[in-house]
Each structure stands twice: as structure tokens, then as C-alpha cells.
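Below is one structure, written out as C-alpha cells; the observations come after it.
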Amino acid sequence: MNRIKLTNLEKYWILYDVGNSAFILLVTTIIPIYFNYLAGSAGLSEVDYLAYWGYAASVSTIIVALIGPVLGTLADTQNYKKPLFTLFMMIGIIGCAALSLPSSWILFLAVFVIAKVGYNASLIFYDSMLVDVTTADRMDTVSSNGFAWGYIGSCVPFVLSLVFVLLNEKLGISMRTAMTIAFLLNAAWWLLVTLPLLRNYRQTHYTSRPEKPVHDSFLRLADTLKDIRGQKHIFVYLLAFFFFIDGVYTIIEMATAYGSALGLDSQGLLLALLVTQLVAFPFALLFSRLSRKYPTDKLIRVCIFAYTCIALFAIQLDKQWEFWMLAVFVGMFQGAIQALSRSYFAKIIPAEKSGEYFGIYDICGKGASFVGTFLVGLVAQVTNIANAGVAILAVMFIIGFLLFGKAAKLNREYTEK
């Protein structure tokens with residue numbers, strides 16, 4: 001397999017994955033532990049801590065799920081995608097920096113929700129930029145490189161943050177001061193590595209600017225929803241994506257909170273999740289190469305099956321070494337399933353409506369994790385057993401696997417017409 005040389009614009013697009021991945025790595029590692037510190041100081045139990053963290057993650061994703069399709073439709077309008085992307089990116093970056101301000105766990109969660117909404121909404125525009133920065137035959141490679149370099153690049157501010165957070169007493173600073181440094185450092189990193197994309201991106205696929213962009217965006221959204229219902233290969237794919245990506249995002253969102261609730265060592269959890277990033281880098285690139293030899297739909301099925309096994313393993317998890325094993329297995333397939341799902345979708349939709357379609361894609365993606373995080377939190381609280389909520393994720397993966405098989409068959413039939 002010959003190596004594909006990336007263009008400058010493709011590299012600039014990939015750099016945004018490097019920037020925003022630093023924030024999401026913080027969200028899945030250090031932030032839940034800091035929230036546990038704030039919640040513990042206020043007298044919250046471990047089960048309530050896990051539940052409230054799950055609820056906050058759910059609120060942020062459902063907000064974006066509700067506004068995503070309209071934002072995506074607006075983004076398809078000529079010269080709208082870049083300004084809207086910039087707006088929500090800055091909400092995420094400012095929100096990340098502002099996490100250093102609250103001392104109350106409730107206010108901390110409120111700021112977290114705002115930052116997460118900015119992050120998630122920016123991805124609607126970012127994902128839809130894929131059709132503008134590359135060609136259909138290069139999408140699997142570019143998308144996979146985005147996740148791969150995002151994983152390894154995010155380790156730079158993360159490791160620096162770990163130094164302050166884990167060694168705060170030796171450095172003579174408080175935990176809050178250490179966290180302030182971590183939040184500001186990651187916000188600055190996110191902004192700096194995004195600047196090349198902001199300077200060089202141009203929207204090449206778009207619809208003409210109407211007299212009433214917002215009003216017309218609702219009309220176009222209604223038409224797109226009708227189109228999707230008539231295009232069974234897209235509709236069934238989105239339904240399958242809803243189920244299998246629900247489990248993926250829930251595992252990402254809840255991993256550290258889940259480990260903390262089980263009473264596992266915080267430093268061990270952080271280092272294990274750093275291993276996830278390091279493992280994810282080569283495996284995302286490996287699946288990028290495999291996508292040039294094997295059909296993308298077969299590779300996605302391999303990833304869904306692997307995640308089903310991961311969820312089943314996590315049900316009985318109660319030891320530190322098992323969490324390390326889980327971290328390695330997740331790293332092997334995490335980047336691949338996200339990257340290939342994104343590029344697969346980009347290839348089966350109309351390029352000039354990429355914003356609209358990715359807005360709906362975001363409902364089925366980030367919006368789907370609302371279901372997973374909510375159910376994990378709810379079942380844990382009802383049963384008072386942290387492991388119990390994880391069982392539902394295995395069911396989600398199985399349903400997603402079956403539906404994706406149907407979607408892949410429909411897509412082959414559609415392209416052969």
C-alpha cells in the first residue's frame with residue numbers, strides 16, 4: 001500500500017483534531033477527577049458523583065442534538081460555515097479556560113456544559129469541512145489521520161497538565177491552582193493549533209445565500225429529512241450509527257468517572273488513559289492503510305464487534321490491571337471506528353449539503369451519547385451498583401452491528417443502480 005502524501009490544507013484540517021482532542025482528553029481524564037474532588041468536598045457520595053457527571057454530559061449533548069441540524073443547514077449557505085465554526089470553537093475554548101473559576105460543583109458543571117456545547121457544535125462544521133479539504137477517494141485516509149494525530153498531539157498539553165496536577169504538593173501549589181494552569185494551557189493549545197485552518201480554509205461546496213438564511217435553513221432541513229427517509233441506505237446507516245456510536249462516546253465520556261466510582265487509584269486511571277491515546281495513534285493509522293485495501297464497511301463491522309467485547313469485559317471490571325487492559329483495547333479501535341464512520345458518511349451524502357447532513361449525523365452521534373451517559377448514571381443510581389449501567393452498552397453495540405450490516409447492503413445496492 002503506497003503512502004498518501006497529505007496536502008497543506010488537509011494538514012491544517014487535521015490540526016483542529018489535535019487542538020480539540022486536548023480538551024476532550026481533559027474531559028475524559030482530569031476533569032472528572034477534579035469534579036470528584038469538588039463533589040467530595042461538598043459531601044456527595046460516589047454514586048451521586050457518577051450520576052451527576054453523567055447527567056451533565058447528557059445535557060450538553062442533547063443541547064447540540066437539538067440545535068445541530070439547523071446549524072448544519074446554515075453552514076451549507078455560502079460563506080457561513082467558517083464564521084459559525086469560529087464562533088462555537090471560541091465558546092469551547094473560552095469555556096475550557098473558564099473552568100478554572102468555579103469552586104462550587106454545581107457552577108463547575110454549568111460551565112462544563114457550556115464548554116462542551118461549544119466543542120460539540122464546532123465539530124458539526126469541522127466534520128462537514130472534510131468535503132471541502134479533500135476528495136472522496138482520500139477521505140478515509142484524511143479522517144483517520146485526523147483522529148490519529150489528535151490522539152498523539154493531545155498528549156502534549158495533557159502530560160504538561162499531569163505534571164502540575166499530580167505533583168502540585170511537591171511544586172508548592174494548591175490543587176485548584178494546578179487545575180487552573182491545566183485549563184488555561186489546554187485552551188491556549190486548542191486555539192493556537194487551529195489558527196492555520198482559520199487562515200486557509202475556504203468553503204467550496206455550498207448553496208446560494210437566500211434572503212432569509214435562518215428561515216430558509218428550516219425549510220431546507222425539512223427537505224433534507226424527507227430526502228433521507230427516501231434514501232434508505234443513509235437512513236439505516238444513521239440508525240445504526242446512533243446505536244454503535246452511543247456506546248463508543250459513553251465509554252469515552254464515562255471511563256474515568258466509572259473507574260473513580262469503583263474506587264480505583266486516580267493516578268493509575270490517568271496513566272491508563274494516556275496509554276489509550278498512545279495506542280490509538282498507530283492503530284488509527286493502521287486502519288487508514290487497511291481502508292485502502294479492504295472495504296470501509298467491513299472494517300467498521302470489525303470495530304463494532306470489538307467494542308461489544310470491550311463492553312462485556314467492562315461489566316465485571318473491578319481491578320486496576322483490568323482497567324489498563326480496557327484502556328489498551330479501547331485505544332486499538334477508538335480512532336478507527338470514529339474516523340471510518342465519519343468518512344463513510346461523507347462519501348454517501350451530497351457534498352453541497354454536507355453541513356445539513358452532518359448536523360443530522362451529529363444528532364445520531366453526540367446526541368446518541370445522551371442515551372448512554374444518562375442510562376449508565378440512572379442504572380448506577382437505581383441499583384447502587386456502578387457496574388450495572390455498563391451492561392446496556394453491549395446491547396447498543398449488538399443492535400448497531402445488525403443495523404450497519406443492513407445499511408452496508410443497501411448502500412451497495414444504491415451505488416450499483
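When reading the values below, keep in mind they use all heavy atoms of this one structure, side chains included, and skip hydrogens, waters and symmetry mates.
Checking side-chain atoms of Y307 against main-chain N and O of V248 turns up no donor-acceptor pair under 3.5 Å. Of the possible polar contacts, none joining the K81 side chain to the D76 backbone as a donor-acceptor pair under 3.5 Å is found. With T296 contributing its side chain and Y344 its backbone, the two residues share no donor-acceptor pair below 3.5 Å. Checking side-chain atoms of S128 against main-chain N and O of F125 turns up a donor-acceptor pair under 3.5 Å. Remark: side-chain polar atoms of N145 are paired, donor with acceptor, to backbone N or O of T141 under 3.5 angstrom. Remark: side-chain polar atoms of E10 are not paired, donor with acceptor, to backbone N or O of V142 under 3.5 angstrom. Using a distance-only test at 3.5 Å, with no hydrogens or angles considered, a donor-acceptor pair links the side chain of S41 to the main chain of Y37. Side chain of S100 to backbone of T180: no donor-acceptor contact under 3.5 angstrom is found. In terms of modelled atom types and a separation under 3.5 Å, the side chain of T86 and the main chain of K82 share a donor-acceptor contact. Proximity of a side-chain donor or acceptor of R292 to a complementary backbone N or O of D140 within less than 3.5 Å is not detected.
Side chains of L15 and T194 form no contact here, defined as non-hydrogen atoms less than 4.5 Å apart. Side-chain contact between V64 and K116 is absent, with no heavy atoms from C-beta onward closer than 4.5 Å. A 4.5 Å side-chain heavy-atom check between F108 and S103 finds every atom pair outside the cut-off. I114 has its side chain within reach of I91: a pair of non-hydrogen atoms, C-beta onward, lies under 4.5 Å apart. For the pair L107 and V111, the minimum side-chain heavy-atom distance is 4.5 Å or more. The side-chain heavy atoms of F243 and F401, taken from C-beta on, include no pair separated by under 4.5 Å. Residues I337 and F244 have side chains in contact (heavy-atom distance under 4.5 Å, counting atoms from C-beta outward). Side-chain contact between N200 and N8 is absent, with no heavy-atom pair separated by less than 4.5 Å.
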(message) Show, in sequence, the C-alpha distance, side-chain angles and deciding distance for F112 and F35, and conclude whether the side-chain contact (heavy atoms from CB on, under 4.5 Å) test is met.
(response) CA-CA 10 Å; F112 168 74; F35 173 62; over 6 Å; no

(message) Please determine whether side-chain contact (heavy atoms from CB on, under 4.5 Å) holds for the pair V165 and N168, giving the CA-CA distance in whole Å, both sets of side-chain angles, and the decisive distance to 0.1 Å.
(response) CA-CA 5 Å; V165 172; N168 67 297; over 6 Å; no

(message) Could you go through L123 and F88, starting from their C-alpha distance and side-chain angles, then the distance that decides it, and tell me whether this counts as side-chain contact (heavy atoms from CB on, under 4.5 Å)?
(response) CA-CA 9 Å; L123 292 185; F88 284 98; over 6 Å; no

(request) Kindly determine whether L285 and R289 satisfy side-chain contact (heavy atoms from CB on, under 4.5 Å), including the steps that lead there. (result) CA-CA 6 Å; L285 293 179; R289 293 198 169 209; 5.9 Å; no

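Taking the six-membered ring where the residue is Trp, the centroids of F23 and Y119 are separated by under 6.0 Å. Less than 6.0 angstrom separates the ring centroid of Y361 from the ring centroid of F241. If you look at W13 and Y126, their ring centroids are closer than 6.0 Å. Aromatic rings from F281 and Y151 are positioned such that their centres are separated by 6.0 Å or more. For F242 and Y237, the ring centers sit 6.0 Å or farther from each other. Taking the six-membered ring for Trp, Y201 and F85 have ring centres at least 6.0 Å apart.
The two residues A56 and L109 have their closest heavy-atom pair at CB-CD2, 3.7 Å. The two residues V18 and G153 have their closest heavy-atom pair at CG1-CA, 3.8 Å. A115 and C96 get closest at one heavy-atom pair: CB-N, 3.8 Å. Across all their heavy atoms, I304 and G400 have their closest contact at CD1-O, 4.3 Å. Taking every heavy atom of both residues into account, S343 and S143 meet most closely at CB-CB, 3.9 Å. Smallest separation of non-hydrogen atoms from L26 and A182: CD2-O, 4.4 Å.
In this structure, CG in N120 is found 9.5 Å from CD1 in I67, a value given to the nearest 0.5 Å. Atoms CG and OG1, from D132 and T204 in turn, are 3.5 Å apart once rounded to the nearest 0.5 Å. Summarising the geometry, atom CG belonging to D127 is positioned 8.5 Å from atom CD1 belonging to I124; distances are rounded to the nearest 0.5 Å. Here the OG-CG distance, from S291 to L340, works out to 6.0 Å after rounding to the nearest 0.5 Å. Residue W149 holds its CH2 atom at 9.0 Å from CD1 of I14, rounded to the nearest 0.5 Å. Distance check: I398 CD1 to L312 CG gives 6.5 Å after rounding to the nearest 0.5 Å.
Ion pairing between a basic and an acidic side chain is recognised when a charged N comes within 4.0 Å of a carboxylate O; D297 and R412 show such pairing.
The environment of K232 atom NZ is sparse: at most 12 non-hydrogen atoms of other residues, nucleotides or ligands sit within 6.0 angstrom. In this structure, F235 places its CZ atom where only 12 or fewer heavy-atom neighbours from other residues, nucleotides or ligands lie under 6.0 Å away.
For the 3.5 Å distance criterion, the side chains of Q277 and S154 qualify, holding a donor opposite an acceptor. A donor atom on one side chain and an acceptor atom on the other are not found under 3.5 Å apart for S122 and N20. With hydrogens and angles left out, the side-chain atoms of Y80 and Q203 include no donor and acceptor closer than 3.5 Å.
Taking the six-membered ring where tryptophan is involved, the planes of Y414 and H233 are essentially parallel, since the angle between them stays under 30° and well short of 60°.
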